[in-house]
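Order of the sequence lines sets the chain letters (A, B, ...), proteins ahead of strands, with each chain counted from 1.
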Number of protein chains: 2
Amino acid sequence: MTSPKTSLSARPVPPTIRDVAQAAGVSLGTVSKGLNGTGQLREETRARVRSAAERLGFRPNDLAQSLLRRRTFTVGLISTDRYGRFSIPVLEGIEDALGTARMSVFLCNGADDPARERQHIESLLAKRVDGIIVTARRADPRPPLDLVDGSVPILYAFAQVADVDALCLLPDDLGGGRLAGDHLIRAGRARIAHVTGPVDFEAVRHRRDGLKQAIMEHGLTWRPELVISGEWSEAWGREAVARLLATRQTIDAIFCGSDQIARGAVDALRDRGIAVPDDIAVVGFDNWEIIAAATRPPLTTVDMNLHELGRQAGLRMLDLIDGGGERGIVRLPCSLVVRASCGQGDKQNTGQAADRPLS
Amino acid sequence: MTSPKTSLSARPVPPTIRDVAQAAGVSLGTVSKGLNGTGQLREETRARVRSAAERLGFRPNDLAQSLLRRRTFTVGLISTDRYGRFSIPVLEGIEDALGTARMSVFLCNGADDPARERQHIESLLAKRVDGIIVTARRADPRPPLDLVDGSVPILYAFAQVADVDALCLLPDDLGGGRLAGDHLIRAGRARIAHVTGPVDFEAVRHRRDGLKQAIMEHGLTWRPELVISGEWSEAWGREAVARLLATRQTIDAIFCGSDQIARGAVDALRDRGIAVPDDIAVVGFDNWEIIAAATRPPLTTVDMNLHELGRQAGLRMLDLIDGGGERGIVRLPCSLVVRASCGQGDKQNTGQAADRPLS
DNA sequence: GATCACACGGAAAAGCTTTTCCTGATTTCA
DNA sequence: TGAAATCAGGAAAAGCTTTTCCGTGTGATC
């Protein structure tokens with residue numbers, strides 16, 4: 001212990017199964033069996049092995065196990081989300097699903113830099129992860145992961161990809177739009193404006209279409225002139241309100257494409273002395289707590305259930321690893337979180353409403 | 001592709017060095033030497049090996065390499081940050097520093113659940129990572145990682161820990177407070193209120209002390225009655241402004257303990273027709289873009305340079321791995337990001353000002 | 001008392017790569 | 001031409017664990 005051979009940089013070397021064998025006075029294989037409850041061992045031997053292992057603080061080396069089993073029980077998550085707003089909930093969901101299967105998840109940050117992403121993938125592949133999940137939404141479908149030879153299953157969660165053979169989990173943006181529209185209409189609103197993000201986002205088009213469906217199904221008139229697109233920012237929300245009011249159209253509600261936009265809109269309305277929700281009701285999208293709860297009044301908003309989406313991703317990844325061949329685009333339901341920006345609304349409308357027809 | 005032998009779960013098995021050897025007609029060792037540029041090989045042989053490896057898409061198995069080298073070239077990052085607001089910048093910084101050294105970083109999400117954290121650590125240890133970095137700030141110093149036998153270096157980045165032997169990287173909150181105070185004073189403010197978070201956060205106390213230092217060094221009066229603590233929320237920022245104004249004290253500036261608080265304060269001031277920065281200047285803390293830039297006017301705020309903190313963490317982790325024995329608390333400078341909530345201020349004050357005396 | 005079955009635990013191989021050591025073959029020099 | 005030096009590449013071990021296959025020793029049975 002205190003021998004002179006402990007050099008400056010001495011760090012205790014983790015004990016191997018060999019050390020345990022020696023300490024317990026048995027052979028390597030016996031230790032393995034003893035610890036794993038396999039083979040035929042006397043209970044007394046097993047106990048001796050266990051206590052030796054405990055005493056030494058033995059922890060099997062995953063590298064050796066993985067090498068042998070040809071499974072690492074690990075999946076990699078590649079994200080490009082610089083704020084973590086979306087990836088963290090997805091990560092947590094994945095961990096929920098995979099933790100049960102005793103698998104670990106590691107997040108690598110692509111930072112929207114293809115070279116970096118490439119490097120991460122190289123590294124994950126070299127480490128022989130059992131699967132790779134790609135996340136983080138962009139405007140255009142992202143290119144499928146290159147330099148992948150099919151030796152490992154890939155799954156896109158909250159990411160679109162231009163590859164029909166890929167498995168892709170996305171929120172049901174259309175359903176989310178319907179949910180918002182339906183909620184507003186049930187709250188008695190009939191002239192609903194839609195202030196949203198850049199139209200090159202597929203999600204933007206889907207949310208708009210969802211709103212349109214809700215409106216039409218309720219027998220109301222769809223007014224394309226009340227849809228205006230801009231950036232994903234509060235400033236745009238404010239400007240959009242200015243523009244809408246300038247047109248002198250009557251509106252009694254605004255469905256916003258994101259909570260940031262919604263917050264800008266609410267602020268702009270309050271600045272002008274227009275009451276939310278009494279004069280104009282507002283519904284947001286994202287349920288980004290930090291924004292939605294701080295808005296005055298707090299935002300009623302659509303939640304994409306990213307945690308659940310992550311959980312589904314984890315579950316499906318397990319399938320994929322086991323050889324399941326699912327592919328295509330799967331849409332997961334959004335739900336509505338009712339706060340105050342829309343009146344108290346009909347509370348039942350929360351939940352999986354996207355699944356049932358609105359008729 | 002469509003042959004009947006491709007069973008349901010068929011997934012191409014990655015080629016091993018053995019396959020390459022066979023394809024190139026040489027021995028295992030020769031392939032290794034050929035690919036790694038070691039040993040004595042004819043250039044022609046080397047080329048043959050390389051081309052065979054290329055053709056087969058050979059990628060060395062990190063598991064085997066790591067097992068042999070007793071190094072995985074991987075560090076684990078444990079976070080408890082549910083929003084990723086802090087961990088993602090830190091992660092990116094770490095990746096910057098470690099990427100250069102050809103090492104990977106994996107983030108695991110502790111989700112503030114000790115059991116889960118434990119499990120992650122177990123897993124990282126079993127995978128024999130070369131180091132573990134712990135992140136995410138809390139009110140109280142967190143307990144040091146248990147179940148760690150010293151076999152792997154630990155570093156706390158943006159996390160306090162109750163263990164004097166640990167290496168701990170933290171932002172210089174005191175310097176940040178000084179920076180804010182100094183900026184306000186140079187902008188001509190003399191009666192500065194401080195609206196901040198819960199006092200059980202060490203950072204809260206440091207920021208306050210920094211402000212106090214700046215005030216005293218400029219020969220102004222420190223007024224403890226102008227310091228009020230609450231939660232980290234916009235609502236608290238709004239309420240605090242109401243309270244401050246109710247006391248009828250004259251104030252011409254507010255230094256807020258976070259951008260969220262600052263935003264609430266600015267909103268409350270505007271609601272009352274008080275001009276920011278003309279009547280009251282406001283400085284925030286965090287430089288959380290999404291909040292600071294959306295505030296009207298945009299917030300001048302202290303940036304903790306978390307990316308740089310992460311980079312430093314990565315660098316120091318490399319030292320630790322190489323046997324360096326650094327320990328203790330290291331404070332890294334904050335900087336000031338000037339926007340509009342404080343007038344244009346003296347622009348020079350940006351940067352590493354925390355390092356130089358303010359006299 | 002000899003044979004059989006069974007319980008227990010050891011030996012060894014496999015999984016993949018790197019590195020050390022060693023053997024032939026070739027070249028160099030006397 | 002023979003000895004020494006150099007070159008090229010093969011063989012094998014190490015790193016750690018699991019699992020299969022065997023070889024003991026014990027008790028039971030005839």
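- Atom C1' of nucleotide C/dG9 and atom CZ of A/R46 are separated by 11 Å, given to the nearest angstrom.
- Between B/E43 and B/R50 there is a salt bridge, since at least one side-chain N of the basic residue sits less than 4.0 Å from a carboxylate O of the acidic one.
- Among the protein residues, B/S32 comes within range of the nucleic acid bases, having at least one heavy atom under 4.0 Å from a base atom.
- At the heavy-atom level, A/L28 lies under 4.0 Å from base atoms of the strands shown.
- Using a cut-off of 4.0 Å between Lys/Arg side-chain N and Asp/Glu carboxylate O, A/D96 and B/R116 are scored as salt-bridged.
- Proximity of A/L98 to A/F73: side-chain heavy atoms (C-beta onward) are nowhere separated by under 4.5 Å.
- Contacts of A/Q65 with the nucleic acid, taken as non-hydrogen atoms under 4.0 Å apart, involve only primed sugar atoms and P, OP1 or OP2.
- Residue contacts shown for A/T45 are limited to sugar-phosphate atoms, with no base heavy atom under 4.0 Å away.
- Side chains of A/S123 and B/S104: a donor-acceptor N/O pair is present below 3.5 angstrom, by distance only.
- One finds the CG atom of A/L320 at 6.0 Å from the CG atom of A/L155 (value rounded to the nearest 0.5 Å).
- A/T72 and B/K127 share no side-chain donor-acceptor pair at under 3.5 Å.
- Where B/Q40 and B/L63 each meet DNA chain D at their nearest nucleotide, the meeting point lying more 5' is that of B/Q40.
- Protein chain A contacts DNA chain D from D/dC16 to D/dT20, reading 5' to 3' and using non-hydrogen atoms of the protein with a distance under 4.0 Å.
- Counting any heavy atom pair closer than 4.0 Å across all strands shown, B/V26 reaches sugar-phosphate atoms only and no base atom.
- Salt-bridge check for A/E92 with A/R311: failed, with every basic side-chain N at 4.0 Å or more from each acidic carboxylate O.
- Heavy-atom distances to DNA chain C give each of A/E44 and B/T16 a nearest nucleotide, and the one nearer the 5′ end belongs to A/E44.
- Taking the nucleotide of DNA chain D with the nearest heavy atom to each of B/R42 and A/D62, the more 5' of the two is matched to B/R42.
- At a threshold of 4.0 angstrom between heavy atoms, the contacts of B/L68 include nucleobase atoms, whether or not backbone atoms are also involved.
- Atoms CD (A/E43) and P (C/dG9) sit 11 Å apart, rounded to a whole Å.
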